[in-house]
**Student:** 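Attaching a single structure in structure tokens format; questions to follow.
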Amino acid sequence: MKILMFGRGVISTLYGWALEKAGNEVDFYVRPGRAADFGSSVDVDIRDGRASSKGKPVQENWPITLREDLEPDHDYDLIIVSVNHDQLDSAVDFLQPRVGGATILIFNNVWADPAAAISRLPREQVAWGFPGGGGGFDVTTLHGGFAKSIFLGDIDGSSRTDRHRVVRELFTKAGFSISDIADFRSWLWFHFILDAGIMVGWLRMGSFDALVRSRPALKEVVRLVREMIPVLTAKGGTSRLGAAAAKYIPASIFGFAMQKLLTGDNLYTFIMTQAQNTGRNDYKSQADYPRDVLADARRLGVTVPRLEANEPAFR
Ligand SMILES: NC(=O)C1=CN([C@@H]2O[C@H](COP(=O)(O)OP(=O)(O)OC[C@H]3O[C@@H](n4cnc5c(N)ncnc54)[C@H](OP(=O)(O)O)[C@@H]3O)[C@@H](O)[C@H]2O)C=CC1
Ligand SMILES: CC(C)(CO)C(=O)C(=O)O
């Protein structure tokens with residue numbers, strides 16, 4: 001398959017690498033003028049979780065093809081978009097006249113209504129997913145990894161299309177397993193409020209390491225997430241699965257489970273540590289999550305006193 005990764009960010013490089021190694025043709029679209037900065041190869045120092053649960057270490061200099069333009073009659077089969085949630089509008093603007101025959105896989109955090117966010121694209125050409133990996137760039141080297149599983153979801157019937165099936169097959173053939181999510185809108189929003197809670201804790205404690213070492217700070221994250229669930233429902237989402245767990249399981253038990261996961265000898269802890277150590281999450285990218293949730297809470301008239309009390313940490 002001929003695949004264009006939109007941007008040469010962390011997620012696009014991780015999954016571009018995996019998909020090219022699986023026999024696909026992979027290029028990267030970067031902003032005009034950026035190709036020279038990035039150069040014609042990228043150093044990857046990652047863990048590949050398809051091989052084992054802790055991830056097989058991979059270190060190599062990977063030659064890549066960058067392009068700074070995209071003509072409307074291109075022949076890409078798939079364009080994978082994984083940008084920061086506040087960049088999605090500009091990515092859609094760029095792609096709108098250039099979709100051609102490609103399927104567009106949106107593979108990132110979304111806090112807007114997903115259908116509205118992509119309303120300028122042909123809806124039947126859009127598929128939805130989320131990475132099971134992460135990390136960050138330390139100058140020119142990508143540090144991070146990915147798990148065996150990625151998420152693919154349904155938004156308003158999107159998973160019933162042939163295009164969704166083709167994306168599913170692409171990742172499956174590349175050795176990934178798929179977590180299918182029925183109500184992906186709610187899943188994305190719950191993931192976002194989870195990130196918002198973690199980012200408040202991270203900002204307050206000064207580092208991700210300090211957050212995960214502190215049981216009281218993790219309990220506060222759980223209480224924050226619980227408080228934000230009504231924002232998700234006011235936006236039209238349903239609170240199931242993770243949201244129900246955050247709501248009904250006592251904060252102390254949930255905090256304990258989070259600590260076990262986030263400090264254990266596992267790929268998830270490794271990925272978050274790499275994201276932290278490379279500075280992937282600067283102040284702006286951390287503060288954006290709780291700030292955007294608070295803005296919607298205020299717009300929708302949902303009271304979030306705990307989040308408001310923490311506002312000085314992310315204003
Ligand atoms: N990194 C991680 O650990 C994880 C990330 N995610 C999510 O995945 C998504 C992507 O994250 P990540 O890869 O880390 O982010 P990055 O910032 O590393 O990558 C985003 C890339 O998209 C490019 N881009 C954005 N808008 C445009 C545009 N209009 N034209 C051209 N290029 C554009 C950026 O270019 P430029 O630098 O020039 O702006 C950048 O290279 C986010 O939603 C994130 O929350 C999910 C799990 C883990
Ligand atoms: C891992 C994290 C919080 C930051 O890198 C992220 O972007 C995400 O989970 O969506």
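First listed ligand is number 1; within each ligand, the first listed atom is number 1.
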**Student:** Between Phe94 and Tyr29, how do the two ring planes meet: parallel, tilted or perpendicular, split at 30° and 60°?
**Tutor:** parallel
**Student:** Output the list of atoms in ligand 1 that are nearer than 4.0 Å to some heavy atom of Tyr289, sorted by atom number.
**Tutor:** 45 (O)
**Student:** Is it the side chain, the backbone, both or neither of Phe28 that has a heavy atom closer than 4.0 Å to ligand 1?
**Tutor:** neither
**Student:** Identify, for atom 47 (C) of ligand 1, the protein heavy atom at the shortest distance, and state residue, atom and that distance.
**Tutor:** Gly133 O, 3.5 Å
**Student:** For ligand 1, which atoms sit closer than 4.0 Å to a heavy atom of Tyr29?
**Tutor:** 30 (N), 31 (C)
**Student:** Identify which of Arg31, Arg280, Gln87 has a heavy atom lying nearest to atom 33 (C) of ligand 1.
**Tutor:** Arg31
**Student:** Considering only non-hydrogen protein atoms, determine which one is nearest to atom 3 (C) of ligand 2 and report residue, atom name and distance to 0.1 Å.
**Tutor:** Met199 CE, 3.4 Å
**Student:** Among all protein non-hydrogen atoms, which one is nearest to atom 29 (N) of ligand 1, and what is the separation to 0.1 Å?
**Tutor:** Ser90 OG, 3.1 Å
**Student:** Indicate, as side chain, backbone, both or neither, the part of Phe137 found under 4.0 angstrom from ligand 1 when only non-hydrogen atoms are considered.
**Tutor:** neither
**Student:** Does an N or O from Asn108, backbone or side chain, lie closer than 3.5 Å to an N or O of ligand 1?
**Tutor:** no
**Student:** Please verify the inter-ring angle class for Phe184 with Trp187; under 30° counts as parallel, over 60° as perpendicular, anything in between as tilted.
**Tutor:** parallel
**Student:** Compute the shortest N/O to N/O distance between Val83 and ligand 1 and return yes if it is under 3.5 Å, no if not.
**Tutor:** yes
**Student:** Between Phe208 and Val225, is there shared hydrophobic-cluster membership here, with clusters defined by ILVMFWY side-chain heavy atoms closer than 4.5 Å?
**Tutor:** yes
**Student:** Please list, in number order, the atoms of ligand 2 under 4.0 Å from a heavy atom of His191.
**Tutor:** 8 (C), 9 (O), 10 (O)
**Student:** Which ligand 1 atoms are under 4.0 Å away from a heavy-atom of Gly134?
**Tutor:** 2 (C), 3 (O), 48 (C)
**Student:** Are Asp183 and Thr238 close enough, and set up right, to give a side-chain hydrogen bond (donor to acceptor under 3.5 Å, both in side chains), and what steps lead you there?
**Tutor:** CA-CA 8 Å; Asp183 176 4; Thr238 52; 2.8 Å; yes
**Student:** Does Phe192 reach ligand 2, in the sense of a heavy atom lying below 4.0 Å from it?
**Tutor:** no
**Student:** I need the atoms of ligand 1 closer than 4.0 Å to a non-hydrogen atom of Gly135, numbered in the order shown.
**Tutor:** 1 (N), 2 (C), 3 (O)
**Student:** Angle class for the Phe192/His85 ring planes (parallel below 30°, perpendicular above 60°, tilted otherwise)?
**Tutor:** perpendicular
**Student:** Would you say Gly136 contacts ligand 1, with heavy atoms under 4.0 Å as the rule?
**Tutor:** no
**Student:** Of the protein's non-hydrogen atoms, which lies at the shortest distance from atom 7 (O) of ligand 2, and what is that distance?
**Tutor:** Tyr289 OH, 3.5 Å
**Student:** Using ring pair (Phe, Tyr, Trp, His ring centres under 6.0 Å) as the criterion, list what pairs up with His143, not counting sequence neighbours.
**Tutor:** none
**Student:** Assess the pair Tyr15 and Phe176: is the distance between their ring centroids shorter than 6.0 Å?
**Tutor:** yes
**Student:** With heavy-atom distances below 4.0 Å as the criterion, list the atoms of ligand 2 near Asn109.
**Tutor:** 8 (C), 10 (O)
**Student:** Considering only non-hydrogen protein atoms, determine which one is nearest to atom 7 (C) of ligand 1 and report residue, atom name and distance to 0.1 Å.
**Tutor:** Asn109 ND2, 4.0 Å
**Student:** Please enumerate all residues that pass salt bridge (Lys or Arg N to Asp or Glu O under 4.0 Å) together with Asp296, with sequence neighbours excluded.
**Tutor:** Lys235, Arg299
**Student:** Can Arg160 and Glu124 be counted as an ion pair, charged N to O under 4.0 angstrom?
**Tutor:** no
**Student:** Any idea which protein heavy atom is nearest atom 10 (C) of ligand 1, and the distance to it?
**Tutor:** Ser82 OG, 3.4 Å
**Student:** Between Phe130 and ligand 2, which residue portion shows a heavy-atom distance shorter than 4.0 Å: side chain, backbone, both, or neither?
**Tutor:** side chain
**Student:** Tell me the protein heavy atom at minimum distance from atom 19 (O) of ligand 1, and give that distance in Å.
**Tutor:** Gly9 CA, 3.2 Å
**Student:** Can you confirm, on distance only, whether ligand 1 has an N/O atom lying under 3.5 Å from any N/O atom belonging to Ile271?
**Tutor:** no
**Student:** So between Met272, Arg280, Gln286, whose heavy atom ends up nearest atom 1 (C) of ligand 2?
**Tutor:** Met272
**Student:** Nearest to atom 5 (O) of ligand 2, what protein heavy atom do you find, and at what distance?
**Tutor:** Asn281 OD1, 3.2 Å
**Student:** Do Phe130 and Phe107 have ring centres separated by under 6.0 Å?
**Tutor:** no
**Student:** Is there a side-chain hydrogen bond (donor to acceptor under 3.5 Å, both in side chains) between Gln276 and Asn281 once you walk through the steps?
**Tutor:** CA-CA 6 Å; Gln276 169 191 252; Asn281 293 104; over 6 Å; no
**Student:** Tell me: protein heavy atom nearest atom 23 (C) of ligand 1, and distance?
**Tutor:** Gly7 CA, 3.9 Å
**Student:** Using a strict cut-off of 4.0 Å, indicate which atoms of ligand 1 neighbour a heavy atom of Arg8.
**Tutor:** 41 (O)
**Student:** Does the side-chain hydrogen bond (donor to acceptor under 3.5 Å, both in side chains) test come out yes or no for Ser41 and Asn61, once each step is laid out?
**Tutor:** CA-CA 6 Å; Ser41 66; Asn61 179 261; 3.1 Å; yes
**Student:** Taking the basic N atoms (NZ, or NE/NH1/NH2) and the acidic carboxylate oxygens, is any pair closer than 4.0 Å for Arg291 and Glu311?
**Tutor:** no
**Student:** Side chain, backbone, both or neither: which applies to Ile198 and ligand 2 if a contact is any heavy-atom pair less than 4.0 Å apart?
**Tutor:** neither
**Student:** Please indicate whether any nitrogen or oxygen in Phe130 is less than 3.5 Å from any nitrogen or oxygen in ligand 1.
**Tutor:** no
**Student:** Looking at atom 8 (C) of ligand 2, what's its closest protein heavy atom, distance included?
**Tutor:** Asp195 OD2, 3.1 Å
**Student:** Identify, for atom 17 (O) of ligand 1, the protein heavy atom at the shortest distance, and state residue, atom and that distance.
**Tutor:** Asn84 ND2, 3.0 Å
**Student:** Below 4.0 Å from ligand 2: does a non-hydrogen atom of Phe208 turn up there or not?
**Tutor:** no
**Student:** State plainly whether the residues Asp89 and Arg120 are in salt-bridge range, i.e. N to O under 4.0 Å.
**Tutor:** yes
**Student:** Should Asp154 and Arg185 count as an ion pair when the cut-off is N to O under 4.0 Å?
**Tutor:** no
**Student:** Does Phe256 share a hydrophobic cluster with Met258, counting links as ILVMFWY side-chain heavy atoms below 4.5 Å and allowing steps through other members?
**Tutor:** no
**Student:** Is the shortest distance from a Lys or Arg side-chain nitrogen in Glu220 or Arg215 to a carboxylate oxygen in the other one below 4.0 Å?
**Tutor:** no
**Student:** Would you mind checking if Arg50 and Asp48 are paired as a salt bridge, meaning a charged N to carboxylate O distance below 4.0 Å?
**Tutor:** yes
**Student:** Report the nearest protein non-hydrogen atom to atom 37 (O) of ligand 1: residue, atom name, distance rounded to 0.1 Å.
**Tutor:** Arg34 NH1, 3.7 Å
